[in-house]
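Since this is a predicted model, take the numbers as computed values, not measurements.
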4 protein chains.
Amino acid sequence: MPKETFFNLPEEKRQQILNVAIDEFATNTYAQASVNRIVEKAGIAKGSFYQYFKSKKDLFLYLMQVIGEEKMTYLAPTLQNIHQYDFFTCLREIYAAGIRFATQYPKYAEIGKKLLASKDTPIFEELVDQNLPVASQLFQELLHQAIQRGEIRPDIDINLIAYLIASINTTLLEYYTENINQEFDEKILNTVEKFIDLLRNGIGTK
Amino acid sequence: MPKETFFNLPEEKRQQILNVAIDEFATNTYAQASVNRIVEKAGIAKGSFYQYFKSKKDLFLYLMQVIGEEKMTYLAPTLQNIHQYDFFTCLREIYAAGIRFATQYPKYAEIGKKLLASKDTPIFEELVDQNLPVASQLFQELLHQAIQRGEIRPDIDINLIAYLIASINTTLLEYYTENINQEFDEKILNTVEKFIDLLRNGIGTK
Amino acid sequence: MPKETFFNLPEEKRQQILNVAIDEFATNTYAQASVNRIVEKAGIAKGSFYQYFKSKKDLFLYLMQVIGEEKMTYLAPTLQNIHQYDFFTCLREIYAAGIRFATQYPKYAEIGKKLLASKDTPIFEELVDQNLPVASQLFQELLHQAIQRGEIRPDIDINLIAYLIASINTTLLEYYTENINQEFDEKILNTVEKFIDLLRNGIGTK
Amino acid sequence: MPKETFFNLPEEKRQQILNVAIDEFATNTYAQASVNRIVEKAGIAKGSFYQYFKSKKDLFLYLMQVIGEEKMTYLAPTLQNIHQYDFFTCLREIYAAGIRFATQYPKYAEIGKKLLASKDTPIFEELVDQNLPVASQLFQELLHQAIQRGEIRPDIDINLIAYLIASINTTLLEYYTENINQEFDEKILNTVEKFIDLLRNGIGTK
DNA sequence: GATGAATGAGCGTTCATTCAT
DNA sequence: CATGAATGAACGCTCATTCAT
């Protein structure tokens with residue numbers, strides 16, 4: 001967690017630092033990201049950085065928390081009503097929320113992507129240790145419930161399917177940020193719809 | 001491309017260097033990989049390294065080419081008979097070839113995974129510039145032909161589907177290397193089969 | 001010397017700061033001691049520190065003075081009656097006073113020890129420049145008088161013997177703090193007695 | 001231990017680096033000593049330093065080893081004949097050897113002195129861990145044997161006396177390097193002689 | 001008088017690359 | 001052709017001190 005000094009900073013300066021940091025971590029992996037560059041671009045002294053943050057890791061972990069919380073505000077409505085919807089509706093909502101999130105904060109999405117790439121580095125372990133909610137676990141649970149409700153064929157390999165659903169989520173995001181114009185539009189939602197159908201055909205009970 | 005001196009090296013020494021390099025790039029991202037460590041583990045002089053390779057990048061790009069070629073030997077039989085098979089059969093063969101490849105050369109697969117994580121870093125651009133044959137392009141072409149042959153519904157978004165098929169390929173590999181025992185087995189092939197079915201239901205003409 | 005602001009501080013706060021500083025200098029050498037840590041532990045603002053003290057050196061020099069004065073209150077009774085006692089009695093009293101002092105203020109003793117280790121560093125020079133009363137000078141004087149009174153053989157090397165007596169004083173203290181339980185006891189006084197005898201045999205006139 | 005590269009250096013350059021390092025560690029404590037200053041004064045690149053030594057610690061430990069070995073060549077003749085001499089003769093020889101050593105290598109003596117001052121720092125622990133032969137242990141053993149041979153009164157506190165003998169050794173060295181001209185002379189040996197006598201009177205059996 | 005943000009030099013260390021032999 | 005010493009920029013981080021409020 002950043003030190004108090006950081007939160008005492010004038011809003012503008014704090015945002016400036018955060019923005020520069022987000023840029024840096026969106027452009028480089030955690031290991032490659034440079035505190036030197038951050039302070040230079042942010043126009044602050046090196047010493048100041050360490051008056052705001054305990055370490056590079058401190059800043060990064062904080063960023064991840066901010067991103068996580070931001071993402072949760074997108075997912076919360078869906079997750080709250082999770083029991084009212086059938087599995088495939090849930091899935092569509094989660095995908096859509098993810099896409100809306102990535103539309104709003106493309107840099108955050110980029111950082112998330114970079115992070116997935118740094119699996120099996122120490123920083124990733126640390127994140128998992130403190131944060132837990134790895135996406136595929138959510139899907140595992142959803143699948144479990146869906147099977148019990150008879151919405152999904154009970155003979156599927158839950159782990160694998162959850163892994164794939166999580167991965168497709170990421171892939172859709174990636175594709176969206178790479179190829180489509182930056183604005184959230186109907187087209188991508190149609191695509192999501194089609195994929196849900198595809199999955200329904202594949203693993204649904206009927 | 002490595003310099004001539006590298007190719008003049010005795011086979012054994014050349015392999016030794018390549019093996020060490022593969023280890024290093026399988027364990028670290030491109031940026032994190034260290035020439036220092038490579039020469040140390042390979043037991044060659046630092047100067048020698050730069051007599052074989054123009055730079056770290058040179059070595060890495062060469063490695064990517066070797067890996068690519070190796071992978072092609074796995075795909076070649078399938079690609080050669082591509083016109084005899086329908087799209088979904090092709091797909092199954094390609095997936096299976098990929099899994100066989102990853103089983104045989106897990107380190108290569110690891111490097112590939114690491115690389116996907118460094119998209120939009122300079123080195124990745126360079127790779128695309130020199131190498132082109134990004135997987136999704138292959139799938140685009142296959143999809144194109146399949147549509148013309150009436151195997152696939154013509155209203156799909158080719159780019160997106162190709163992207164997803166490529167991504168699922170990677171995901172299966174990832175899942176396979178993370179969760180399944182190291183030996184190539186029937187189980188994973190069954191999964192592939194199911195996914196092909198799933199896709200057939202989703203995008204096939206019927 | 002601390003600035004006036006420091007002495008205007010409420011007694012309690014002033015003591016708190018001094019105590020923290022003593023801890024820091026007892027745990028670290030002068031160079032290693034950190035103003036950052038001091039202000040943090042003392043719960044004062046960084047700026048405040050520099051309103052109380054001109055510099056880290058200022059604080060340290062002041063501390064040394066405080067310690068010196070404190071030690072003097074232990075030695076004063078002895079020094080006042082110095083002419084009534086013979087040399088060896090004086091010596092015993094001085095040693096005993098030193099041990100009592102170290103028993104009472106082990107942190108002070110620790111700082112003293114650390115300081116002796118940093119002889120010939122700039123800070124030590126400065127101390128000598130301002131403070132002078134190095135222990136061995138006291139012993140030189142005592143020896144001088146003792147020779148004139150015929151208590152000690154006139155052919156000894158006064159400088160050397162004074163140096164050694166001072167050093168033994170320190171050594172006894174060190175040994176005491178390292179090996180003996182923290183309470184002032186008879187045992188160490190017996191040892192002092194023995195050493196006095198030893199010296200008496202060695203340099204006394206009879 | 002320094003790397004091979006260091007020992008491959010031309011004699012002159014190696015000595016130059018060692019001399020600069022000795023100067024640095026004789027002037028500063030281990031913690032305060034600066035690799036930056038060393039490379040600057042030695043006229044080598046910072047990177048070169050780390051091609052010679054694994055770390056600052058590596059250099060320091062090596063220096064301690066060199067000093068230790070050098071000191072051993074002074075002590076060896078005495079230690080070999082330790083059983084032929086009585087305790088006080090041994091002591092005189094050891095003191096004299098120490099003084100001869102300090103005369104020859106005053107910088108080494110200075111480093112040793114600095115080190116004693118950094119007791120209870122991590123580097124000291126490390127040294128003790130690898131080197132063991134703390135001086136006072138040697139004296140403890142000598143005292144033990146001397147008591148068994150009836151040369152010394154059995155009622156003394158061995159630990160304390162050993163500690164003091166070791167300390168006096170250091171003190172003599174210190175005094176010698178601070179006050180006397182740099183050449184080894186008779187005067188100091190006379191003083192040693194007197195101290196031995198003093199001890200003989202104090203703790204000898206007769 | 002109190003605050004604490006700002007500063008930049010300095011720390012030990014690693015790096016990819018060059019080049020004289 | 002092989003060698004490995006040399007290089008200096010860059011890394012994350014700590015420091016004592018200043019100064020505007």
Inter- and intrachain pairs under ring-ring contact (aromatic ring centres under 6.0 Å, His included), touching residues 25-47 of chain C, at least two apart: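 Listed by first then second residue: C:F25-C:F60, C:Y30-C:F60.
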For the pair made of [atom1] in [X] and [atom2] in [N], what is the distance, rounded to whole Å?
X     : N      : atom1 : atom2 : value
C:L61 : F:dA16 : CG    : P     : 16 Å
D:E24 : E:dG10 : CD    : P     : 14 Å
A:D58 : F:dT14 : CG    : P     : 11 Å
D:I44 : E:dT13 : CD1   : C1'   : 14 Å
D:K3  : F:dG4  : NZ    : P     : 14 Å
A:E40 : F:dG12 : CD    : P     : 12 Å
C:N28 : F:dT14 : CG    : P     : 15 Å

Are more than 12 heavy atoms, taken from residues, nucleotides or ligands other than B:E69, located less than 6.0 Å from that residue's CD atom?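 Yes, CD of B:E69 has more than 12 neighbouring heavy atoms, counting only those of other groups under 6.0 Å.
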Classify the angle between the aromatic ring planes of B:F53 and B:F49 as parallel (below 30°), tilted (30 to 60°) or perpendicular (above 60°). tilted
Let me have a per-nucleotide readout for nucleotides 16-21 of chain E, 5' to 3', with B, S or -, counting only protein heavy atoms under 4.0 Å. BBBB--
Would you indicate whether the side-chain heavy atoms of [Y] and [X] approach each other to under 4.5 Å?
X      : Y     : answer
A:K114 : A:N28 : no
A:V66  : A:L18 : no
C:D58  : C:P2  : yes

Quick one: do D:E110 and D:K107 make a salt bridge, cutoff under 4.0 Å?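 No, D:E110 and D:K107 are not salt-bridged.
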Any base atoms under 4.0 Å from C:Y52, or only sugar-phosphate, or nothing? Heavy atoms, all strands. sugar-phosphate
Counting the benzene-type ring for Trp, do A:Y62 and A:F7 have ring centres under 6.0 Å apart? yes
Those residues that, when tested against B:E4, pass side-chain hydrogen bond (donor to acceptor under 3.5 Å, both in side chains) (two or more places apart):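 Applying side-chain hydrogen bond (donor to acceptor under 3.5 Å, both in side chains) to B:E4 gives none.
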Just need the stems in DNA chain F: three or more back-to-back Watson-Crick or G-U pairs, each with both distances under 3.5 angstrom, sorted by first number.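 Looking at DNA chain F, the stems formed by three or more consecutive pairs are E:2-21 with F:2-21.
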Only pairs under 3.5 Å count here: list side-chain donor-acceptor contacts from residues 37-46 of chain A, not counting sequence neighbours, and write none if there are none.
{"from": "A:R37", "atom 1": "NE", "to": "A:E24", "atom 2": "OE1", "distance (Å)": "3.4"}
{"from": "A:R37", "atom 1": "NE", "to": "A:E24", "atom 2": "OE2", "distance (Å)": "2.8"}
{"from": "A:R37", "atom 1": "NH2", "to": "A:E24", "atom 2": "OE2", "distance (Å)": "2.8"}
{"from": "A:R37", "atom 1": "NH2", "to": "A:Q32", "atom 2": "O", "distance (Å)": "3.1"}
{"from": "A:K41", "atom 1": "NZ", "to": "A:E24", "atom 2": "OE1", "distance (Å)": "3.3"}
{"from": "A:K46", "atom 1": "NZ", "to": "A:N36", "atom 2": "OD1", "distance (Å)": "3.1"}

Pair C:Y108, C:E70: side-chain N/O donor-acceptor within cut-off below 3.5 Å: no
Within residues 6-13 of chain D: residues closer than 4.0 Å to DNA chain F (heavy atoms):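 Hits under 4.0 Å, by residue number: D:N8, D:L9, D:K13.
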